[in-house]
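These notes concern the structure reproduced below.
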Amino acid sequence: MYRQLTIEEREQLQHQGCTATDWDAVEVVEGFEAIYVQNVAFSGKVRLGRFERSFVQPGGFEVHSGVYHARLHNVTIGDDCYIDRIHNYIANYEIGDDVFIENTNLIVVDGEAMFGNGVRVPVMNESGGREVPIYDNLSAHLAYILTLYRHEYELIAKLENLIDEYVEEQKSDVGKIGNNVHIVNCGTIKNVRIGDCATLGGVSKLKNGSINSNCHAPVHIGSGVKCNDFILCSGVDITDSTLVSRCFVGQGTVMGKHYSALDSLFFSNCQGFHGEATAIFAGPYTVSHHKSSLLIAGMYSFLNAGSGSNQSNHMYKLGPIHQGMAERGSKTTSDSYILWPARIGAFTLVMGRHTKHSDTSELPFSYLIENATESYLVPGVNLRSVGTVRDAQKWPKRDNRKDLVKIDQINFNLLSPYTIQKMYRAVALLKGIQQMAGANNEVYSYQNCRIKNSSLVRGVELYEMAITKFLGNSLISRIGKEPIKTIQDLRDKLLPTYTIGSGEWLDVSGLIAPQSEIDGLVKDIVAGSLSLKDIEQQFAVMHKNYYDYEWTWAYDKLLKYWNKSIDKVTIDDLVVVIEAWKKAVVALDKMLYNDAKKEFDLNSKTGFGVDGDESVRMRDFESVRGSFEENPFVKECLQHIERKTKLGNDTIELLKNICI
């Protein structure tokens with residue numbers, strides 16, 4: 001409870017250089033000590049808490065909580081705060097407990113603010129048409145629908161109405177600074193809401209935004225940063241004079257080293273350094289580390305952009321209206337270039353310049369390589385790349401999200417119904433191309449790309465191995481390790497838990513789900529039966545049930561492979577699949593092993609042992625890189641072969657012990 005100042009307290013404050021337009025409008029809590037408020041000008045309604053603790057600064061310097069050298073207008077200050085050297089003023093804010101604010105110019109809410117909520121971000125098309133209204137809890141999956149389902153007019157209208165309702169609830173003429181916030185050496189902070197435990201150090205300017213920090217996942221904003229019309233989710237780290245304008249920045253995202261982001265959406269665990277992003281949809285794990293790299297007008301996820309990577313959305317006719325997509329897991333090498341419109345298939349490596357608007361979405365795990373101004377496609381070759389597997393292993397380990405609530409539902413699987421369905425189509429497509437053009441052709445044309453005959457044949461082999469590996473994985477996981485008594489018990493166990501999952505699958509920016517579920521969600525939204533929270537809960541349910549849905553899809557493919565119903569499936573049928581799975585797993589692992597070995601060949605040793613002979617070069621190389629046999633990935637690859645072979649043999653033994 002607050003009370004008015006006593007006469008003694010008022011006189012002491014005046015003696016300490018304080019002034020007020022109306023002393024009756026200054027209220028304090030019981031336990032307030034006036035000695036800790038000095039040289040402060042009060043106006044409007046001001047409420048002050050207790051000042052009992054001290055803050056220890058780096059180097060051991062100690063300051064006592066209180067308010068010093070500041071102007072406050074319509075401000076509530078919690079307990080044990082330290083506020084000193086506010087060069088302009090603080091106006092229209094509620095400040096929590098244990099807040100430290102020092103040497104800062106201006107903190108103000110001017111009029112009614114939405115704190116970044118409701119800002120329309122024109123992703124993918126700079127000229128408009130795919131604007132996404134951002135709000136505090138926007139997920140990558142809902143943003144995907146808002147961006148790409150523009151043809152569903154009722155859906156978009158319903159979603160925008162739901163978001164508008166949320167935005168209206170956030171509207172206020174008073175800002176909030178949470179508990180345990182540090183704001184030091186900052187410039188202007190205007191119409192910004194700041195969550196608990198945020199740290200702002202040397203920030204240049206923040207305007208119209210929300211910093212959704214909390215004690216589990218604090219937000220850090222560093223020197224020289226300028227943000228306008230923004231929302232920063234928990235765990236975000238932005239430093240080094242980075243510029244952010246009209247952007248949503250997802251959980252665990254890191255930006256720094258003069259990065260520039262405009263009109264873009266960044267979701268969980270993105271990283272942006274040195275380069276530039278304009279009008280992009282950066283799904284989870286979109287990473288750009290290098291100078292001269294420009295991501296523009298595209299949709300990405302699990303992307304690794306090499307130095308100097310560039311895209312162009314402007315063909316100098318009707319303006320910057322073109323867009324592109326690089327599906328999950330794509331990589332662009334140094335100095336690569338893509339002229340939009342184009343679509344790059346999942347887990348594809350892009351090397352060189354590509355200006356002919358290729359669409360490789362039906363041929364995942366490929367290389368797209370420039371050769372004398374032509375785009376050559378090497379289908380499926382990335383399945384044997386050690387880099388692809390290494391990426392898949394590192395993504396879960398690099399999840400920076402410490403928040404108890406994860407906004408994005410992220411599936412890390414390399415092989416899933418989403419990618420395997422493409423491989424089924426890829427096999428049919430490649431065989432069809434060869435059959436139509438002739439098996440003796442040296443080069444085939446496909447979607448403004450060229451495919452060599454040898455690459456086509458090898459691509460079919462690789463895709464078929466990956467399909468076999470995936471189906472075997474699903475089957476063995478479903479069978480499990482527990483003993484099964486009878487063939488009927490086995491058949492019952494193989495029956496899908498749900499009917500959901502047998503059709504087409506989608507990658508909804510990190511969430512891999514059956515299209516039927518997304519379509520059903522769309523219908524429910526249009527029917528007006530769901531809130532924003534309900535929609536996100538639906539995404540969470542899809543993610544939770546992924547493996548059951550995956551089995552429904554794999555089960556359907558296995559029945560087609562066996563060409564019989566489940567009641568006719570025998571132990572021998574299952575063993576055939578598992579034996580083929582063992583063969584495919586070992587073959588792919590050996591390819592990965594040989595690919596890793598290239599990192600230790602003679603060419604890789606160039607530049608080592610500069611002042612010695614061959615033996616010195618070998619010793620120098622091993623002292624830095626280690627030996628091939630002791631490399632962690634190589635050892636894991638060999639152990640993986642052993643584990644999977646044993647798993648296959650154990651499963652076959654389990655099946656053979658079933659009573660028929």
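Worth knowing before you read on, the calculation uses all heavy atoms, side chains too, and leaves out hydrogens, waters and symmetry mates. Quick caveat, the model's predicted, so the values are computed rather than measured.
- Proximity of a side-chain donor or acceptor of Thr76 to a complementary backbone N or O of Arg47 within less than 3.5 Å is not detected.
- When side chains are defined from C-beta on, Thr286 counts as touching Leu303, because their heavy atoms get closer than 4.5 Å.
- How far OG of Ser336 is from CG of Leu349: 8.5 Å, rounded to the nearest 0.5 Å.
- A side chain to side chain contact (heavy atoms under 4.5 Å, CB included) with Leu200 is found for exactly one of Ile177, Thr104, Val184, Ile194, namely Ile194.
- When each of Ser307, Ser293, Ser309 is checked for a side-chain hydrogen bond (donor to acceptor under 3.5 Å, both in side chains) with Thr332, only Ser309 meets the rule.
- Interatomic distance, Asn185 CG to Asn103 CG, rounded to the nearest 0.5 Å: 4.5 Å.
- Shown here are the side-chain contact (heavy atoms from CB on, under 4.5 Å) partners of Val174, two or more places apart in sequence or in another chain: Glu94, Ser172.
- You'll find the side chain of Pro284 stays beyond 4.5 Å of the side chain of Asn269, heavy atoms only.
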**OP:** Take Asp173 and Asn92, measure what side chain to side chain donor-acceptor pair (under 3.5 Å) needs, and give me the verdict at the end.
**Re:** CA-CA 7 Å; Asp173 57 5; Asn92 305 316; over 6 Å; no
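- For Phe266 and Phe230, the ring centers are positioned 6.0 Å apart or more.
- With Tyr135 as the fixed residue, the ring-ring contact (aromatic ring centres under 6.0 Å, His included) test singles out one of Tyr166, Phe115, Phe248: Tyr166.
- At a cut-off of 3.5 Å, with distance as the only test, no side-chain donor of Ser516 or Asp519 sits close to an acceptor on the other residue.
- If you take CD1 on Ile525 and CG on Leu142, they are separated by 6.5 Å, rounding to the nearest 0.5 Å.
- Remark: side-chain polar atoms of Asp408 are not paired, donor with acceptor, to backbone N or O of Ile410 under 3.5 angstrom.
- Of the possible polar contacts, none joining the Thr147 side chain to the Ile145 backbone as a donor-acceptor pair under 3.5 Å is found.
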Subject >> Working for side chain to side chain donor-acceptor pair (under 3.5 Å), residues Tyr337 and Asn310 >> reply: CA-CA 5 Å; Tyr337 172 81; Asn310 204 328; over 6 Å; no
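- No side-chain donor from either of Asp110 and Asn191 sits under 3.5 Å from a side-chain acceptor of the other.
- Residues Tyr93 and Ile107 have side chains in contact (heavy-atom distance under 4.5 Å, counting atoms from C-beta outward).
- In this structure a side-chain-to-backbone donor-acceptor pair under 3.5 Å is missing from Ser210 to Arg193.
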Original post:
Given Asn88 and Val108, is the side chain to side chain contact (heavy atoms under 4.5 Å, CB included) satisfied, shown in steps?
Top reply: CA-CA 10 Å; Asn88 209 320; Val108 61; over 6 Å; no
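- Within 6.0 Å of atom NZ in Lys207, 12 or fewer heavy atoms from other residues, nucleotides or ligands are found, so the atom counts as exposed in its surroundings.
- Taking a 6.0 Å sphere around CD of Glu154, one finds it holds 12 or fewer heavy atoms contributed by other residues, nucleotides or ligands.
- Here SG of Cys233 is found 12.0 Å from CD1 of Ile211. Values are rounded to the nearest 0.5 Å.
- Judged purely by atom type and a 3.5 angstrom limit, Gln170 has no side-chain atom pairing as donor or acceptor with the backbone of Met114.
- Aromatic rings from Phe281 and Phe267 are positioned such that their centres are separated by under 6.0 Å.
- Note: Phe412 and Phe302 have perpendicular aromatic rings, judged against thresholds of 30 and 60 degrees for the angle between ring planes.
- Using modelled atom types, no side-chain atom of Asn125 and backbone atom of Arg130 make a donor-acceptor pair closer than 3.5 Å.
- Under the 4.5 Å side-chain criterion, counting only non-hydrogen atoms from C-beta, His357 is not in contact with His322.
- Within 6.0 Å of NZ on Lys45 lie more than 12 heavy atoms contributed by other residues, nucleotides or ligands.
- Other residues, nucleotides and ligands contribute more than 12 heavy atoms inside 6.0 Å of the NZ atom of Lys394.
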Subject >> side chain to side chain contact (heavy atoms under 4.5 Å, CB included) between Gln409 and Ser139, worked out >> reply: CA-CA 8 Å; Gln409 311 298 324; Ser139 71; over 6 Å; no
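- Residues Tyr418 and Asn413 bring no donor and acceptor atom of their side chains to less than 3.5 Å of each other.
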Subject >> side chain to side chain contact (heavy atoms under 4.5 Å, CB included) between Leu530 and Leu521, intermediate numbers included >> reply: CA-CA 9 Å; Leu530 299 178; Leu521 176 60; 3.5 Å; yes
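- Panel note: side chain Arg353, backbone Leu339; no donor-acceptor pair is recorded below 3.5 Å.
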Original post:
Between Asp196 and Asn180, is a side chain to side chain contact (heavy atoms under 4.5 Å, CB included) present by the stated rule, with each step listed?
Top reply: CA-CA 6 Å; Asp196 294 347; Asn180 295 291; 5.9 Å; no
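- Under the 4.5 Å side-chain criterion, counting only non-hydrogen atoms from C-beta, Ile518 is in contact with Met542.
- Under the 4.5 Å side-chain criterion, counting only non-hydrogen atoms from C-beta, Thr19 is not in contact with Phe42.
- Ring-plane geometry between His141 and Phe539 is classed as perpendicular, the angle between the planes exceeding 60 degrees on a 0 to 90 degree scale with a lower cut at 30.
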**OP:** Decide side chain to side chain donor-acceptor pair (under 3.5 Å) for Asn105 and His87; before the verdict, give the C-alpha distance in whole Å, the side-chain angles of both, and the deciding distance to 0.1 Å.
**Re:** CA-CA 5 Å; Asn105 182 43; His87 303 299; over 6 Å; no
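- When only modelled atom types and interatomic distance are considered, His258 and Asp240 share no side-chain donor-acceptor pair under 3.5 Å.
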Original post:
Are Lys171 and Asp164 close enough, and set up right, to give a salt bridge (charged side-chain N to carboxylate O under 4.0 Å, His left out), and what steps lead you there?
Top reply: CA-CA 11 Å; Lys171 186 182 292 184; Asp164 288 344; over 6 Å; no
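- Remark: the Arg246 side chain and the Asn228 side chain contain no N/O donor-acceptor pair separated by less than 3.5 Å.
- With 3.5 Å as the limit, one finds no donor-acceptor pair spanning the side chains of Arg328 and Ser301.
- Side-chain atoms of Asp403 do not come within 3.5 Å of backbone N or O of Ser234 as any donor-acceptor pair.
- Remark: Leu162 CG to Lys533 NZ distance equals 14.5 Å, nearest 0.5 Å.
- When atom types are taken as modelled, the side chain of Asp97 and the backbone of Asp79 share a donor-acceptor pair closer than 3.5 angstrom.
- In terms of modelled atom types and a separation under 3.5 Å, the side chain of Thr348 and the main chain of Gly345 share a donor-acceptor contact.
- At least one side-chain heavy atom of Ile83 sits less than 4.5 Å from a side-chain heavy atom of Ile95.
- Remark: Leu232 CG to Asn212 CG distance equals 8.0 Å, nearest 0.5 Å.
- For the pair Asp534/Asp524, no side-chain contact is recorded, criterion being any heavy-atom separation below 4.5 Å from C-beta on.
- Side chain to side chain, Glu126 and Asn313 meet the donor-acceptor criterion of an N or O pair below 3.5 Å.
- Looking at His182 and Thr199, their side chains never bring a donor and an acceptor atom within 3.5 Å of each other.
- With ring centers used as reference points, Tyr82 lies 6.0 Å or more from Phe51.
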